[in-house]
K.L.:
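Structure in structure tokens, see below.
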Amino acid sequence: MKMYLMTPGPTPVAPETQLAMAQPIIHHRSPQFMEILGKVREDLKYLFQTEQEVLIFAATGTGAMEGAVINTLSAGDTALVIDGGKFGERWTELCNVYGVKVERLAVEWGHAVDPKAVAKMLDANPAIKAVFVQANETSTAVQHPVQELAAVTKARPGTILVVDAISALGGVPMPMDKWGIDVLVAGSQKAMMLPPGLAFVALSPKAWEFVKTSKLPKYYFDFAKALKSADKNQTPYTSPVSLILGLREVLTKIRQVGLEKIFAHNRRLSLATKAAMKAMGLKLYSKDNPSDVLTAVETPVDGQKVVAELRKKGIWIAGGQAQAKGKIIRIAHMGFIDTVDLLGTIGGLEEVFNQLGYKVAPGVGLKAAQEILSKEAAV
Ligand SMILES: *Cc1c(COP(=O)(O)O)cnc(C)c1O
């Protein structure tokens, strides 16, 4: 049986990438490897749309999130955390562990933050040194308005914007330099089409200034040390050689295809998915800025059961987390996903809903999806 990973991480990996990663291990201090890392460094700048160095760590995305906290702040500093879901909570947890004071801006699940509310909090408390947010809050499938938030922090020399784009980078536009994002965090196993195991982070010149004064303890995730090594096409410790070979393959493809086309592809799949869900009588869970890389809908039957039944067909989608558990399902359409994967998932969902007692006319979701797909040109 085939397995379809329609989950918001991990996502499917292309056969060419798998083959690249199956190559013999070379030494991480060899000239061959340094040449590869040199190429990867350049291509990562294209993906992040930045002129700054993109640091690579052998970790999942959370490692780079932790790094972002400990490299820019000190104990006793104050941070503003935008918390509109499970991953927003993670920023607070990280700050708590390291003694960073948190001013929490709670956003109702399914909604996006209002940049004006952030500006107001920063005006009220000029001591706030960092604003932490998710580009795409994966637990609610909502995109926070990163560009507008960056406009708010850009005007304040004492405050940086730290963006967790682990599920967004490579899937939706996130031009770091143009928007003025200060710290941009990504991970390999979502829109970047790689296995789990690589974390990435890039810092603006303003954020590098913060690094100079940060006093929180750090060892493996020491950004300054990683930057020094990167200048020599190295990582401070053993490089995850196989994953880097896969990364080189993926980044080469991304550059060949072009970011704009990839974003348009994701958007096309997103529109088709959302139309299909609506035709099946399901409501979007995301009230503001519904994500282009995944779709969350409220389910009339137990969402956990929908997920479990669909798995029996080889199709993996995600349920809700925490307060949304059982109430929603989440279908990812990020990375190496095509229209066949998507239509199969929608067809499978129609069957499962009928099986679980929520009656949908067979083909009603598929028809709506196909109408969108035929209107929106393939890219
Ligand atoms: C997946 C995800 C993470 C965590 O990634 P890990 O790979 O589990 O460390 C963090 N933030 C967002 C928005 C995510 O989607």
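One-based numbering, in listed order, for ligands and for the atoms of each. Source: prediction; values computed, not measured.
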K.L.:
How far is atom 3 (C) of ligand 1 from its nearest protein heavy atom, and which residue and atom is that?
P.N.:
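Going atom by atom, the protein heavy atom closest to atom 3 (C) of ligand 1 ends up being Phe87 CE2, 3.3 Å.
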
K.L.:
Asp164 heavy atoms, cut-off 4.0 Å: which ligand 1 atoms fall inside?
P.N.:
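With Asp164 as reference, the close atoms of ligand 1 come out as 10 (C), 11 (N), 12 (C), 13 (C).
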
K.L.:
Could you check atom 4 (C) of ligand 1 against the protein and tell me its nearest heavy-atom contact, residue, atom and distance included?
P.N.:
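Protein heavy atom at minimum distance: Arg90 NH1, 3.2 Å.
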
K.L.:
Run the numbers for me: atoms of ligand 1, each under 4.0 Å from some heavy atom of Thr60, listed by number.
P.N.:
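Reading through ligand 1 atom by atom, the close ones are 6 (P), 7 (O), 9 (O).
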
K.L.:
Which ligand 1 atoms are under 4.0 Å away from a heavy-atom of Ser167?
P.N.:
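By the 4.0 Å cutoff, the relevant atoms are 13 (C), 15 (O).
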
K.L.:
Tell me whether the NZ or CZ atom of Lys232 lies within the 45° cone about the ring axis of Phe33 and under 6.0 Å from its centre.
P.N.:
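No, Lys232 and Phe33 do not form such a contact.
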
K.L.:
Please identify which atoms of ligand 1 are closer than 4.0 Å to at least one heavy atom of Lys190.
P.N.:
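Under 4.0 Å from Lys190, ligand 1 has these atoms: 1 (C), 2 (C), 3 (C), 14 (C), 15 (O).
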
K.L.:
Donor-acceptor pair, Ser291 side chain versus Val293 backbone, under 3.5 Å?
P.N.:
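Answer holds: yes.
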
K.L.:
Which of the atoms of ligand 1 are close to Gln189, meaning less than 4.0 Å from one of its heavy atoms?
P.N.:
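Listed by number with element, the hits are 6 (P), 7 (O).
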
K.L.:
Taking 4.0 angstrom as the limit and counting only heavy atoms of Gly61, give me the atoms of ligand 1 inside it, by number and element.
P.N.:
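Counting atoms of ligand 1 from 1, those under 4.0 Å from Gly61 are 6 (P), 7 (O), 9 (O).
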
K.L.:
Between Asn136 and ligand 1, does any nitrogen or oxygen pair lie at a separation below 3.5 Å?
P.N.:
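In fact, backbone or side chain, Asn136 has no N or O that close.
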
K.L.:
Give a yes or no on whether a salt bridge exists between Lys375 and Glu371, defined as a side-chain N under 4.0 angstrom from a carboxylate O.
P.N.:
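The answer is no: the pair does not qualify as a salt bridge.
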
K.L.:
Does one hydrophobic cluster hold both Val201 and Leu47, with members joined at side-chain heavy-atom distances below 4.5 Å?
P.N.:
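Each belongs to a different hydrophobic cluster.
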
K.L.:
Would you mind running through ligand 1 and noting each atom that sits below 4.0 Å from a heavy atom of Thr62?
P.N.:
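With Thr62 as reference, the close atoms of ligand 1 come out as 4 (C), 5 (O), 6 (P), 9 (O).
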
K.L.:
Checking Lys225 against Tyr219: charged group under 6.0 Å from the ring centre and within 45 degrees of the axis?
P.N.:
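Yes, a cation-pi geometry.
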
K.L.:
Which atoms from ligand 1 have a heavy atom of Thr138 less than 4.0 Å away?
P.N.:
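In order of numbering, the contacting atoms are 12 (C), 13 (C), 14 (C), 15 (O).
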
K.L.:
Would you mind telling me if ligand 1 is within reach of the side chain of Glu137, the backbone, both or neither, using heavy atoms under 4.0 Å?
P.N.:
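For Glu137, no heavy atom sits under 4.0 Å from ligand 1.
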
K.L.:
In terms of side-chain heavy atoms, does His28 have a donor or acceptor partner in Thr235 at a distance below 3.5 Å?
P.N.:
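No, no side-chain donor-acceptor pair sits under 3.5 Å.
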
K.L.:
Step by step, work out the side chain to side chain contact (heavy atoms under 4.5 Å, CB included) result for Met21 and Val13.
P.N.:
CA-CA 11 Å; Met21 293 185 299; Val13 174; 4.1 Å; yes

K.L.:
Is there a nitrogen or oxygen of Gln134 sitting under 3.5 Å from a nitrogen or oxygen of ligand 1?
P.N.:
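Min N/O separation from ligand 1 is not below 3.5 Å for Gln134.
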
K.L.:
Could you work out, with ring pair (Phe, Tyr, Trp, His ring centres under 6.0 Å) as the rule, every residue matching Tyr237, not counting sequence neighbours?
P.N.:
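Listed in chain order: Tyr220.
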
K.L.:
Between Lys206 and Glu209, is there a salt bridge with N-O shorter than 4.0 Å?
P.N.:
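No, Glu209 and Lys206 are not salt-bridged.
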
